[in-house]
Each structure stands twice: as structure tokens, then as C-alpha cells.
There are 2 protein chains.
Amino acid sequence: MKFSQYFLPTLKEEPSGASIASHSLMIRAGLIRQVSSGLYTWLPLGVRLLSNIQLILRQEMDKSGCLEVLMPCIQPYNLWEESGRGDVYGQEMLRIKDRHNNTMIFGPTAEEMITDCFRKNIQSFKDLPKIFYQIQWKFRDEIRPRFGLLRGREFLLKDAYSFDVDFENAMKAYWNVFMAYLRFFKKLGVDVIPLQADSGPIGGDLSHEFHVIAEVGESDLFFDPELVELVKGEINADSVNRMSKLYAMCDDKHIANGSSASVRSAKGIEVGHTFFLSNKYSSAMNVTVQDANGKLLNPEMGCYGIGVSRLAAAIVEANRDSRGIIWPKNVAPFICSIVNLLSNDSSCVEYSENLYQFACAFDMNVCYDDTDSVAGSKLINNDLLGFPLQLRIGKSFVKSSNVEVLHRRCGKVEFINKDNIQEYLKDYFSKAN
Amino acid sequence: MKFSQYFLPTLKEEPSGASIASHSLMIRAGLIRQVSSGLYTWLPLGVRLLSNIQLILRQEMDKSGCLEVLMPCIQPYNLWEESGRGDVYGQEMLRIKDRHNNTMIFGPTAEEMITDCFRKNIQSFKDLPKIFYQIQWKFRDEIRPRFGLLRGREFLLKDAYSFDVDFENAMKAYWNVFMAYLRFFKKLGVDVIPLQADSGPIGGDLSHEFHVIAEVGESDLFFDPELVELVKGEINADSVNRMSKLYAMCDDKHIANGSSASVRSAKGIEVGHTFFLSNKYSSAMNVTVQDANGKLLNPEMGCYGIGVSRLAAAIVEANRDSRGIIWPKNVAPFICSIVNLLSNDSSCVEYSENLYQFACAFDMNVCYDDTDSVAGSKLINNDLLGFPLQLRIGKSFVKSSNVEVLHRRCGKVEFINKDNIQEYLKDYFSKAN
């Protein structure tokens with residue numbers, strides 16, 4: 001992608017109304033624009049970010065045996081009356097009358113929809129276990145949308161639902177998704193901590209929240225520092241078993257626990273949750289499957305969410321400095337930017353253009369700042385955009401045929417001779433992270 | 001994917017309420033389920049189909065220089081008052097009051113949204129031309145939703161919008177998208193005919209509809225038979241130029257034209273459209289860009305839609321026989337099914353399982369019917385599912401070590417020795433279509 005042909009309206013100034021860094025940075029770096037309160041349009045760079053997150057999420061869910069479905073945004077309200085949850089969301093639930101005066105809602109979550117789909121199609125224990133997931137837009141009519149995507153109204157959610165014949169199998173499903181979550185976050189390149197949480201009105205007593213540690217987080221977290229190391233290591237049954245024994249509580253649960261254990265405390269942004277639901281919905285909505293003896297039972301359910309658009313903002317919140325965003329390599333909209341600092345110098349233009357063509361030919365995820373802005377402005381802009389690698393072609397190129405290679409995260413600068421850059425890039429792109 | 005672990009609720013019987021073949025087949029083959037009037041849940045097989053269509057669509061749009069954005073489903077109604085279109089959709093537009101009593105709508109289309117985004121971010125001719133597209137859920141509150149996905153209420157639309165400084169450049173954008181559409185449909189493996197259409201209330205006098213020819217189509221098409229050959233050939237400026245000279249009219253335009261030209265007539269399902277909008281929206285919404293002389297002008301716009309979920313149904317409508325669906329290879333949810341017809345025979349089980357593992361190891365898009373249904377039922381089921389290639393492992397395998405290879409579209413049957421199947425598959429998958 002060449003900047004001159006892209007849509008990348010970056011801003012030098014703080015946008016008005018952005019009260020936290022990620023909100024400001026996502027607007028300034030041209031990822032999103034506000035439409036109206038709590039509603040955002042994703043610009044091309046933001047679409048790339050969302051796609052990267054979704055790609056990795058699908059890989060991990062599929063690998064864990066979960067099946068992707070896609071339910072409509074609009075739901076018939078009568079399903080919510082059936083489950084008894086019609087009033088739970090109060091005014092946060094966007095209610096709609098269609099032209100035939102039927103009450104519909106823009107779904108904030110989809111337990112009722114998937115349970116209804118299940119009961120119409122599955123009758124036997126032989127078809128279980130099953131875990132369904134979808135990535136779909138949801139809506140919560142927040143009274144005061146704020147913090148950009150962290151508390152928007154329309155948001156992209158990965159929701160998942162497990163169905164099992166008994167408690168033991170439901171626990172297998174629960175920990176299966178738990179591990180998939182940890183693997184997913186790790187693959188993104190984001191440190192996320194799982195903590196025990198209160199289930200609240202959803203019911204059941206097994207529930208975890210997954211938090212990105214960040215100063216602006218709305219939640220207080222209390223956890224054993226060992227947990228941080230564990231989530232960074234290999235994720236398997238053993239490590240998860242060890243995690244489950246460590247002290248790690250969300251604020252409600254910590255207070256209820258009355259604990260003053262010598263634990264680390266931090267602020268966090270919730271980006272995922274897991275709930276064991278037991279038969280709350282299957283019982284209320286009269287769902288039965290036959291077991292091996294022909295006996296009818298209400299399946300045991302779990303529900304599992306990841307806030308995809310919220311996660312996009314949390315990633316920015318946790319990966320930035322005073323100059324801008326610092327993308328983890330796996331979610332970066334572009335991995336590398338080629339920055340031509342001397343747009344009037346024909347040798348710089350020619351070399352940059354050739355290097356860009358080379359990268360495209362090898363399917364490298366590279367962008368090329370071919371604009372005619374002055375060098376200083378380009379440096380500021382590309383630092384703001386925060387792609388992991390910057391190849392600067394300017395004075396040192398003209399003087400000594402060197403490309404200045406900046407590693408955005410660590411700040412390391414290397415000077416690589418122009419003839420060696422192609423090998424350098426091949427090497428960099430072949431590395432996983 | 002193994003059938004035993006998948007969610008593939010196929011039906012032997014005609015579902016009630018399905019009045020056309022594609023609707024019935026999509027339910028029977030386990031692609032979709034109705035939630036309520038005009039609302040459908042996509043099951044795993046349907047999600048794969050939708051993904052395949054979207055993947056190819058993105059490739060062709062990106063290749064043509066279009067930029068992907070993503071706008072929210074919910075739109076503020078005041079933008080529609082500004083454009084003067086507030087009443088155009090009448091009761092088909094789903095109006096919503098949020099908790100602050102603001103009027104919102106679930107967008108049926110997004111001219112206003114993209115125009116608003118444009119005017120807030122682009123001021124100069126230097127940033128043009130631009131073509132933006134998105135793939136997003138839309139809603140039209142049809143009075144009588146029917147024909148399954150062909151006239152649903154919530155539907156997936158690829159909408160695109162071009163912005164240019166003058167008529168000449170707007171025409172370049174128009175024909176650029178026109179060609180991208182023809183390439184896209186061709187790559188899907190679907191014959192689609194472009195016809196001149198009335199622009200109706202959208203305005204402008206350049207407009208084309210793209211139709212899949214199908215008996216159940218709601219539109220009458222009148223066109224020169226040469227057109228059918230042209231869209232099957234190479235799509236380039238020359239062929240498009242020839243197309244534009246041939247008689248090809250949608251019904252309204254044909255009647256208005258008063259023509260009785262000796263043309264072919266057929267029924268068609270509209271799956272795409274292109275409109276030149278001129279400055280209808282940019283003028284109503286007061287959008288200006290500076291030209292090279294500093295003069296302010298209203299950019300010329302075009303809009304371009306493809307009904308993605310509707311196209312999924314149209315593909316089925318045009319690709320089927322009395323036994324079920326016949327997928328074009330490029331959109332098939334799975335390319336090949338391995339059907340073990342003798343689930344009690346250990347040699348068949350072992351061979352099928354190994355063949356499936358081989359295909360997975362080589363990333364072939366294969367499914368494996370490992371259920372214990374009787375052979376006859378499996379054959380019926382797999383014909384219904386309609387994957388391009390069926391590998392049947394049963395009597396001829398036991399007797400003479402041959403796998404029965406069925407090509408679903410042409411009905412050709414080959415018997416391939418078990419030792420040669422891996423090479424056969426590699427060869428089949430290496431072919432593009």
C-alpha cells in the first residue's frame with residue numbers, strides 16, 4: 001500500500017473528546033472515526049487491525065474444536081421473555097418495533113438465540129459435546145458512551161456457547177475454551193491475565209475475566225505475580241491447572257473474599273470472559289436431549305465472550321509511548337513501513353519504489369510512505385502509526401548507501417547497506433514474532 | 001472436518017414454508033436456519049460459503065484499488081434528513097429510538113454515512129480518486145419476507161462508493177468497478193449478466209444490474225445472446241467496451257425503450273448493481289473539495305452494491321439438480337467429501353481415516369462422512385450437500401481396492417486404485433477451477 005493511494009487521515013493534534021490515550025491514538029493514526037455517540041467507522045487501517053485479530057481468533061477457536069455460526073444482529077424479543085431475561089439489560093437493550101409492531105432487539109448477547117437454534121436441531125446426547133461461536137456486531141445502549149471503543153454502543157463480539165450432557169463434560173468444555181483464550185491472547189502478542197470473577201446475574205459459580213493490564217483500566221485486579229509468568233509460558237493442561245490454584249480475583253470477588261493476601265494489584269481492561277451457566281437457559285427454554293438410557297435432560301451450558309473491537313483499543317492502550325502506537329507484530333496493520341525522507345531526491349525515490357515492489361512481490365505486509373511531506377513530519381507520522389519496522393531512506397542513503405532501520409518497540413537503530421536490505425527483510429518476515 | 005464432530009443437521013424432507021428450491025436446499029443441506037420472519041442463522045457450512053464469497057470479493061475489490069472500511073449497522077437518522085432521503089424507504093427502513101430519544105436506523109445502505117465520513121476527512125482534489133467499500137449487515141423491513149435469503153430482512157451487503165473530481169474520472173471509477181464485478185462473478189464460477197437499468201429515485205442515467213439467470217428470478221431480462229459469451233471470456237477494457245454496445249436491458253428499461261429487438265429473454269435474480277450518482281449526495285450534504293485552481297466543487301459519486309447473502313442463495317438456485325446442490329468449486333464449503341459407505345468394515349474405516357488425515361496434512365479442503373448411517377442414506381445426503389468431488393469407499397474398495405470417484409456436476413464416475421488416490425487428490429486440488 002502506498003500512502004498516496006490509501007486513506008490514512010492522520011492528525012497531529014489531540015482530537016477533542018478523546019479522554020484516554022487509545023481513543024486519541026486510534027483517531028490520530030487514522031484507524032477509526034466517530035459517527036455519533038458510541039458509534040465508530042473503521043477506516044482501512046482499522047479494518048486491517050480488526051481482520052488480523054479475527055483471523056487469529058478463528059484459528060484458535062477452530063483448532064479447539066469450536067464451530068463457527070453466524071446469527072442475525074436483530075433478535076425477536078419473545079426469546080428473551082422465554083428465558084426470563086427481558087428486563088435484565090434494562091435501557092441498555094436497544095428495543096425496536098418492526099412494521100408489523102413486533103418487538104425486536106439489537107442483540108447485546110445471544111444465549112437465547114443459540115439455545116433456540118440448539119433445541120430445534122439437536123435431540124440426542126450423541127450429537128454432544130458442541131461449542132458454537134460467532135463473530136458478530138452487538139449493541140448496548142450505554143447511557144454515557146465514552147473511552148472510544150472501550151465503552152462504545154455498537155461493538156464486535158466473539159461469543160461462544162458450549163452444550164454438554166453433564167457437569168463433568170461441561171467443565172472439559174470450560175477449560176478447553178479457557179486454554180484457547182490464553183493461546184489466542186498469547187498469539188496476538190498481548191499479556192492478558194485470567195482472574196476469578198463473580199458470575200452475578202448470569203449465575204453459576206465458575207467464571208473468569210480476562211484482563212489486559214493498563215493504567216486506564218476500569219477494574220481493579222488482585223493476583224499472584226506468578227500468574228504473569230505462567231501466561232507467558234506454554235499453555236497446556238498443567239499450566240492451566242497451576243493457574244487455577246493461584247490467587248487471582250477481580251475486584252468484586254476479591255472484596256467478597258475478604259482477602260488481604262499479599263498479591264499484586266493493578267488496573268485492567270476486561271477483554272474476555274468465561275461463564276459456566278449450568279442449565280439456566282436450557283431449563284428456562286425447555287431444551288432437552290436424550291441420554292444413553294433414553295432419559296431426557298437439560299444440557300449444561302457455558303458462555304464465552306471476547307470483545308473484539310474493545311480488544312483492539314486495549315491493545316493500543318497497552319502498547320504505546322509518547323510518540324504513538326507500538327503494534328505487536330501479529331496484529332500490526334502493516335509490519336513494516338518504507339519511509340522515503342527525501343521525496344525530491346531521485347535516487348531515494350527510485351530505491352524506495354523498487355524496495356516496495358520487491359516487498360509486494362514477496363507478499364510482505366509492507367506500506368510505503370511516498371508522500372511529499374517534509375522529513376520531520378514523516379518521522380512523526382510514522383512513529384505515530386507504530387508499525388514494528390521502519391525503513392528510512394534519506395540522508396544516510398545518499399551519503400553512504402545505508403538504509404536506517406528502526407525497530408519501533410525497542411528503539412534500536414541499524415544501518416544496513418542498500419544491497420543487503422532485501423535479505424534483511426526476508427529474514428525479518430520469516431520470523432514468527 | 002468429520003461429520004460426527006460437525007454441526008450438519010441435514011433434512012430428508014422439504015421444510016415447510018420454503019417456496020423456492022434454493023431456500024429449501026439451503027435448509028435441507030444444513031446451511032441456514034430461520035430465526036423468525038426474514039431472519040436467518042448461518043450454520044457452520046453456511047458460514048464457510050459466506051466466507052468463500054467474501055474472500056474472493058475482497059480480493060477483486062482490493063486488486064481494483066478499492067479501500068475497505070467498516071461502518072456501523074446503526075446510523076443516526078439526521079444524516080438521512082440532510083440528504084433528503086428520510087422518507088424514500090418508507091416503512092422498509094427500520095427506525096429506532098435510543099434511550100436518549102434520538103432517532104436511529106438500521107442502515108439499508110450507506111451513501112449518507114460514507115459522504116459524511118468523506119466531508120470530515122477529505123478536502124482536496126489531491127486525495128482523489130477514492131473508492132471505498134465495506135461488507136456489512138443491512139436491514140430492510142420487507143412487508144412480506146420470502147424466498148429465504150432472496151428477500152430476507154437482515155442481509156449481508158457489499159456496498160461501495162466512489163468519489164471523483166469530475167465526470168470523466170467518475171466514469172473511470174464506474175467502469176473500473178464494473179470490470180471488478182465481472183471478474184468477481186467469473187471467479188466465483190457463476191454466470192452473471194450485466195444489463196442497463198433504470199436508476200429510479202437514486203438518479204443519474206448510468207446504471208447496471210447484474211443478474212444470475214434463474215427460473216425463479218423476479219426480474220425479466222432482455223439481452224443479446226452474445227453477452228453471455230462475452231462475460232465468459234476475458235474481462236478487459238475491450239470486452240467491456242463491446243458489452244456496452246450490445247442490447248441488454250432490465251424490464252423497466254426495456255419497456256421504456258419500447259424495443260422489440262430480437263433478443264433473448266430470461267428470468268434473473270439481481271445480485272449486484274452499479275449506479276452513477278453524480279453530485280446528488282455531495283451537493284445535498286454540502287461536500288466540497290478544492291480543485292487544482294482552488295475552486296470548490298462537489299465531488300462526483302458512484303455507488304456499487306453486491307448482495308452477498310442473496311448471492312449465496314442465487315448460486316444455489318443456479319447450481320442444482322433434483323438430488324441437491326452442485327457447488328462451483330471456488331465457493332464450495334468443502335471441495336471434496338470422503339464417504340465411508342461401510343462403517344462396519346474395518347478396512348474401509350481405516351483407509352477412509354488415513355485418507356482424511358492425508359488430506360488434512362496437505363491443507364486440502366475436505367470433509368469426511370464418518371457417520372454410521374446406512375450406505376443409501378449417505379449417498380443421498382452427500383448428493384444433497386453437493387461438494388464437487390465425492391470419494392466413495394465401499395463395496396468396490398473391498399472387492400478390488402478401488403475408490404469410486406464421483407464428479408458431482410457432470411456425474412462422471414471413475415474408479416481409482418487406492419494407492420493412486422493421494423496423487424489424484426493432489427492433482428485435483430492443484431487445479432484452479
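Every chain is numbered from 1 and lettered A, B, ... according to where its sequence line falls, protein lines coming before strand lines. Treat the numbers as computed from the prediction; the structure is a model and nothing was measured.
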So which residue, A:Met71, A:Arg99, A:Lys120, ends up with the most heavy-atom pairs under 4.5 Å with chain B?
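Most pairs with chain B among the choices: A:Arg99.
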Under a 4.5 Å heavy-atom cut-off, does chain A meet the side chain of [X], its backbone, both or neither?
X: B:Ser51; result: neither
X: B:Gln91; result: both
X: B:Val69; result: both

Student check: side-chain heavy atoms of [X] and [Y] closer than 4.5 Å:
X: B:Met104; Y: A:Arg153; answer: yes
X: A:Glu68; Y: B:Pro44; answer: no
X: B:Met113; Y: A:Val35; answer: yes
X: B:Leu70; Y: A:Leu50; answer: yes
X: B:His100; Y: A:Ile143; answer: yes

Please state whether the rings of A:Phe7 and B:Phe132 are parallel, tilted or perpendicular, taking 30° and 60° as the class boundaries.
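Rings of A:Phe7 and B:Phe132: perpendicular, over 60°.
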Could you have a look at [options] and say which one has the most heavy-atom pairs with chain A under 4.5 angstrom?
options: B:Asn121, B:Ile96, B:Ile114, B:Leu67; result: B:Asn121
options: B:Ser36, B:Cys73, B:Pro9; result: B:Cys73
options: B:Asp127, B:Ile122, B:Leu79; result: B:Ile122
options: B:Asp98, B:Leu43, B:Leu45; result: B:Asp98
options: B:Ile74, B:Ile32, B:Leu128; result: B:Ile74
options: B:Arg33, B:Arg48, B:Gln134, B:Lys97; result: B:Arg33

Would you give the length of the straight line joining atom OG1 of A:Thr371 to atom NZ of B:Lys126, rounded to the nearest 0.5 angstrom?
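Result: 11.5 Å between the selected atoms.
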Side-chain (B:Lys130) to main-chain (A:Tyr6) donor-acceptor, under 3.5 angstrom
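Side chain of B:Lys130 to backbone of A:Tyr6: a pair is present.
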Atom NZ of A:Lys2 with >12 non-hydrogen neighbours under 6.0 angstrom:
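For A:Lys2, atom NZ is crowded (more than 12 foreign heavy atoms under 6.0 Å).
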